[in-house]
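Only one structure is covered here, and it is reproduced in the block below.
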Amino acid sequence: MELAGLLTYGIFFLTLVGIYGLLALGLNVQWGYAGMLNIGVAAFFTVGAYTSAIITTAESSGHLGGFGLPFPVGLASAMALSGILALGVGLITLRLRSDYLAIASIGIAEIVRLTLKNEGWLTGGVRGMAGIPRPLAGLIPGYDATLYLLLVLAFVAAVYWANERAWRSPWGRVLRAIRENEAAARAMGKNSLLFRLQAFVLGAVVMGLAGALYAHFVRFISPEAFNPLFATFLIWVMLIAGGSGNNRGALLGAFVIWIVWSATEIFVTRLPEDLVTRAGALRVLLIGILLQVILLARPQGILPERPPRPERHE
Amino acid sequence: MIQVEHLSKSFGGLRAVNDCSFTLEEGAITGLIGPNGAGKTTVFNMIAGFIKPSGGRILFEGQDVTGFSPERLFSLGIVRTFQIPHEFSRMTVLENLMLVPPAQSGENLFSSWLRWGAVRREERDVRRKGEEVLEFLELTHVRDELAGNLSGGQKKLLELGRTMMTDAKLVLLDEPAAGVNRTLMGKLARMIQQLHRERGYSFCIIEHDMDLIAELCHPVIVLAEGRVLTQGSMESIRRDERVLEAYLGHSGAHETEGAA
Amino acid sequence: MSLLSMEKVTGGYGEADILHDVTLRVEAGEIVVIVGPNGAGKSTAMKAIFGLLKLRSGQIRFDGQDITNWKPDRVVRRGICFVPQTDNVFPTLTVQENLEMGAFVRNDDIRPAMERVFELFPPLREKRRQAAGTLSGGQRQMVAMGRALMLDPKLLLLDEPTAGLSPIFIDQIFQIVKQVNATGIGILMVEQNAKQALAIANRGYVMAQGANRHEGTGQELLADREVAEMFLGG
Amino acid sequence: MDILQLLIYGIVLGGVIALGAIGVSLTFGILGFANFSHGDLMSTGAYIALIFFTTLAWPLWIALPIAMIATAALALAIDRSLYRWFRTRQPVILLISSFGVALILRSLVQMIWGPDTITYQTGIQMPYRVAGLRIRPDQITILLCTIFLVLAVHLFLQRTKMGKAMRAMADNPNLARLSGIDTERVVLWTWVLGGGLAGAAGVFLGLDTRLHPEMGWTLLLPIFAAAILSGIGKPYGAIVGGLVIGIVQEMSTLVIAAAYKPAIAFAILVVMLIVRPTGLFSGRSTV
């Protein structure tokens with residue numbers, strides 16, 4: 001590959017890592033901070049992507065739309081709608097044993113997936129949605145992709161900052177306390193439901209943001225891209241590999257696992273012709289085995305959780 | 001301070017607490033004793049809001065607090081400890097304490113994002129308070145250790161220390177001396193007395209160690225079979241044949257009718 | 001040679017010892033009661049026999065064999081059965097099934113053993129198809145003891161069998177203990193109801209703060225004022 | 001379509017769901033975790049039967065038991081190689097691991113048999129017509145086999161020593177250990193039973209509709225809903241739960257688009273969680 005091609009690929013690669021990094025950061029708030037099992041990351045990712053797409057695209061006969069509103073409005077709506085969805089799920093399940101949340105989150109993801117496929121008037125159905133505008137396009141001719149990468153990275157930085165501050169704040173402390181021992185946290189006067197709900201919604205809002213950024217990046221979205229494999233499972237592997245409870249771990253996990261994932265793609269394309277059609281499954285298999293190996297060998301991840309050190313006072 | 005009126009609780013047909021009434025006086029260290037199965041822990045859990053009574057009421061400073069959640073009772077000034085220490089194991093010892101103060105402005109997510117300066121100032125104060133408590137508990141050397149790694153005795157101290165991080169009015173101690181050696185027990189007793197004297201906490205203590213009860217508590221309430229058998233000073237309790245009877249068990253069926 | 005002997009057993013769950021040089025023995029066919037204030041380490045002593053404790057020193061012998069630190073299922077097979085204080089039945093299983101579970105390790109005909117249990121506890125025969133969870137407290141204790149008897153143990157360990165029961169049931173339980181003992185089974189029992197327990201015991205031990213304090217026949221201990229006062233400290 | 005016709009479809013589907021829910025219920029009761037790989041275990045069983053049933057053209061009464069045994073063996077192998085190591089850790093780790101196992105199984109199925117829809121038999125079965133109702137011979141087979149299997153499970157749990165030990169362990173694991181019950185063997189049998197039933201459920205699902213790598217995953221939600229509806233950890237309730245979910249799902253097509261059938265299970269689940277939030281996992285502490 002020549003240098004230009006490599007550079008283009010690098011930008012493409014890093015943009016996706018950034019988007020996946022956001023998803024991992026969102027999941028880190030839910031699982032790493034608060035111990036809440038969200039097996040339906042895909043739902044919030046999808047809602048984010050489609051919301052922003054519908055809000056910002058020009059009119060199309062294929063689906064609801066034609067609002068043509070600016071990108072920031074799309075982004076904000078995406079985050080808001082994901083958050084509202086999380087609020088509903090959370091209100092029903094967060095009082096209960098964590099398995100219920102896991103099961104209910106799968107349910108939400110399934111319903112979102114069914115809606116996606118069947119409500120063509122809203123989402124374009126299996127044909128998907130095209131012509132999603134990319135912000136900052138044409139600002140510096142020839143540098144569209146680079147600019148967008150910078151935008152994504154700016155969001156990653158902002159979310160990382162917000163996550164870290166939340167982790168170090170009394171808010172994060174209460175959340176960890178609830179995760180460790182809910183009865184004791186309640187005896188110390190902390191309203192566990194309220195805090196978990198906040199964490200769940202916050203995580204979902206970040207996932208919604210990631211969805212929107214993804215939609216504006218690829219500019220064409222269809223149900224294919226939002227299957228639970230890409231949009232839920234990979235993110236779990238990223239977070240656990242990187243180190244749940246550690247924001248740097250979440251980002252590192254996104255980076256490393258995306259490399260692994262991309263590498264498996266290169267690997268399977270070299271397989272004999274007749275096997276290539278089934279190669280996608282092989283990649284999933286490898287990632288599935290990788291998760292088990294991590295769980296067995298290093299469950300705390302590459303960068304384990306570390307409690308924040310309060311600043312020294314003089 | 002606390003009035004327990006006709007409190008009852010059954011678990012699957014078994015009457016753990018049966019028409020139990022007593023008062024915890026303000027400024028007192030009240031001992032709650034009784035043989036196993038007397039319903040002490042159940043009464044305790046009902047006062048702390050962890051179990052809902054099936055009958056009767058609990059008044060705190062005249063207010064009906066029956067069935068309040070633990071969070072709400074905490075905000076009213078009722079703080080409890082656990083018999084088996086409920087530490088937050090993957091948090092440092094200092095964090096375990098810093099968690100406690102109620103309504104910290106940094107518990108609001110937006111404040112911790114947008115008003116970090118103010119949150120930090122407050123954190124400094126909370127931290128100072130936490131370090132004072134650690135000093136009091138003589139645990140300064142394990143300040144940054146994960147609480148899960150502490151020894152059983154240290155966890156017990158931490159459990160007591162958490163009650164010092166808030167302006168409690170009534171502290172409910174669930175077997176503070178259980179599984180604790182004599183030296184540490186002496187230390188705990190000293191600390192409880194000091195808190196009582198200097199901070200004006202009222203205490204209610206469930207404890208099996210009668211020496212500790214004798215040293216700390218006045219009055220002592222004796223529960224047996226889910227209700228109050230008697231109360232008074234430890235000396236008078238020791239002389240009370242009925243109490244001895246309750247602890248040693250009655251001698252046979254023929255005597256039980258008179259006793260009941 | 002004693003059926004069971006604990007020699008200078010010291011140990012606990014974690015780094016802190018709960019038992020200090022505890023020594024006790026049970027002769028074949030005896031009822032031995034351990035009494036003492038709450039938190040004295042009575043139940044812990046029983047758990048030590050079942051290998052559920054970390055022992056730092058001391059030896060536990062049963063029927064001529066060293067069983068120190070054996071795993072629970074091995075101790076069960078060897079002939080000691082344990083009845084916990086709470087959660088001692090399978091609530092959704094019927095009475096009969098509870099008894100069958102007691103004999104899980106046996107592969108021979110368990111009907112004679114079950115018949116003996118029913119003879120000992122006639123109410124259980126009538127209720128044998130009823131779920132154990134629906135029984136009264138006293139009947140549950142019968143099921144719990146019956147479950148333990150299904151292996152024809154030589155020694156039965158009872159952890160506070162009367163805790164939380166009303167006086168009528170308490171009397172019943174002590175009657176049952178005597179009956180079980182009459183079939184030749186040794187009994188080691190931790191009890192809160194010291195008077196009644198000592199009244200039926202051959203011998204008793206008083207424990208306090210994880211160590212032996214007094215030892216004697218049931219009658220001796222009952223007459224000892226010092227023993228009585230130990231419960232209330234001072 | 002006729003309500004009675006839908007009822008028949010609902011009962012057939014309900015039987016399949018019930019077989020799956022019994023397995024989920026058992027693993028929850030005895031091992032204490034929600035097994036997210038159960039649906040894909042079903043798919044795997046269905047595809048294994050494909051070898052014997054379609055490729056080798058053996059009759060169902062041979063192919064079905066072989067598929068069940070193979071699926072049980074697979075479930076056992078997964079337990080030995082993975083779940084066993086997580087058992088001493090938090091149950092949530094088991095759940096996450098099982099989620100991964102689900103994907104491993106699904107991708108294996110895809111790699112071996114391809115991503116497309118397959119049927120056991122080519123050609124169209126002529127449905128019987130009774131009083132205006134249509135019922136296919138396959139559906140009758142499914143119903144009879146399901147009834148047979150449920151009865152067999154019932155007898156196993158009620159009459160055999162191991163079945164009783166399984167119920168005992170779900171009731172009170174500590175007492176089971178104190179009674180000398182070999183808990184590892186109980187776990188083994190739990191997988192054998194749960195896996196075998198999953199295999200059968202998969203085959204029946206394949207007979208009723210078609211085979212697809214995602215067939216089991218799609219049914220996971222209804223299965224969980226059925227298990228929760230009846231009180232998870234209670235294998236008998238799972239049968240009732242399965243029938244209710246199956247029938248309501250089929251009946252729902254009268255009101256809403258058929259594509260949303262799986263969402264019905266979720267709706268029932270949500271209603272359950274709101275109406276009876278506690279006591280479902282009765283006796284078990286919250287994580």
Side-chain angles (χ1 to χ4, degrees), chain A residues 31 35-37 39 88-89 91-93 95-104 106-115 117-119 179 182-183 227-229 232-234 236-237 239-240 244 275 277-297 299, chain D residues 28 32-34 36 81-82 85-86 89-97 99-116 213-214 217-218 220-221 224-225 227-228 232 257-263 265-267 269-271 273-274 277-278 280-281 284-287:
Chain A
W31 166 246
M36 295 183 295
L37 279 163
I39 309 278
V89 179
L91 278 174
I92 296 165
T93 56
R95 289 164 301 156
L96 310 166
R97 213 186 119 113
S98 56
D99 310 54
Y100 283 118
L101 175 59
I103 294 167
I106 281 219
I108 285 289
E110 277 292 291
I111 288 183
V112 168
R113 198 174 62 96
L114 289 172
T115 313
K117 279 193 176 159
N118 297 302
E119 303 304 319
R179 179 191 70 184
E182 191 177 348
N227 79 31
L229 166 69
T232 297
F233 185 61
L234 265 187
W236 269 97
V237 179
L239 183 60
I240 288 176
S244 53
L275 281 177
T277 49
R278 291 168 185 192
L282 178 63
R283 297 171 68 197
V284 181
L285 181 71
L286 292 175
I287 292 288
I289 291 170
L290 181 64
L291 173 70
Q292 308 296 344
V293 171
I294 296 167
L295 283 178
L296 284 171
Chain D
F28 190 90
F33 81 105
F36 274 68
S81 52
L82 288 175
W85 308 105
F86 300 131
R89 311 227 309 252
Q90 293 165 296
V92 284
I93 302 295
L94 272 167
L95 197 158
I96 294 169
S97 171
F99 180 50
V101 167
L103 276 158
I104 292 180
L105 290 175
R106 205 177 319 157
S107 49
L108 277 175
V109 165
Q110 264 197 52
M111 280 173 65
I112 300 170
W113 288 282
D116 301 324
E214 291 203 355
W217 175 254
T218 325
L220 188 64
L221 199 61
F224 274 132
I228 290 175
I232 198 154
Y260 286 102
K261 267 199 273 182
F266 181 72
L269 184 78
V270 166
V271 171
L273 293 182
I274 292 170
T278 50
L280 295 178
F281 288 96
R284 286 184 181 271
S285 59
T286 51
V287 168

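In the text below, chain A, chain B and the rest are named by the order of the sequence lines, each starting its count at 1. Small disclaimer: the values here were computed from a predicted structure and weren't measured. The figures here come from the full heavy-atom set of this structure, side chains too, leaving out hydrogens, waters and symmetry mates.
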Part of [X] lying under 4.5 Å from any heavy atom of chain D:
X        : result
A:Leu291 : side chain
A:Thr93  : side chain
A:Leu37  : side chain

Non-hydrogen atoms of chain A under 4.5 Å away: do they reach the side chain of [X], the backbone, both or neither?
X        : answer
D:Leu269 : side chain
D:Leu103 : both
D:Val101 : both
D:Arg106 : neither
D:Ile112 : backbone

Shorter than 4.5 Å, heavy atoms on both sides: which option in A:Ile240, A:Leu290, A:Ile111, A:Thr232 has the most such pairs with chain D?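 Looking at each of A:Ile240, A:Leu290, A:Ile111, A:Thr232 in turn, A:Ile111 comes out on top.
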Taking A:Ile108, A:Asn118, A:Leu285, A:Ile289 one by one, which has the highest count of heavy-atom pairs under 4.5 Å against chain D?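 Top option by heavy-atom pairs under 4.5 Å: A:Leu285.
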I need the minimum non-hydrogen distance between [X] and [Y], along with the two atoms involved.
X        : Y        : result
A:Trp236 : D:Phe99  : CD1-CE2, 4.4 Å
D:Ala34  : D:Phe224 : CB-CE2, 3.9 Å
D:Pro213 : D:Gly114 : CG-O, 3.7 Å
D:Pro91  : D:Gly32  : CB-O, 3.6 Å
D:Phe36  : D:Ala102 : O-CB, 3.6 Å
D:Gly100 : A:Phe233 : CA-CE1, 3.6 Å

Exercise. Going by heavy atoms in the side chains, are A:Leu101 and A:Val89 under 4.5 Å from each other?
Worked result: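 They are in side-chain contact.
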Leading residue by heavy atom contact count with chain A [cutoff under 4.5 Å; candidates D:Ile96, D:Val109, D:Thr218]: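 Top option by heavy-atom pairs under 4.5 Å: D:Ile96.
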Side-chain donor/acceptor of A:Gln292 to backbone N/O of D:Ser97, under 3.5 Å
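It does hold such a pair.
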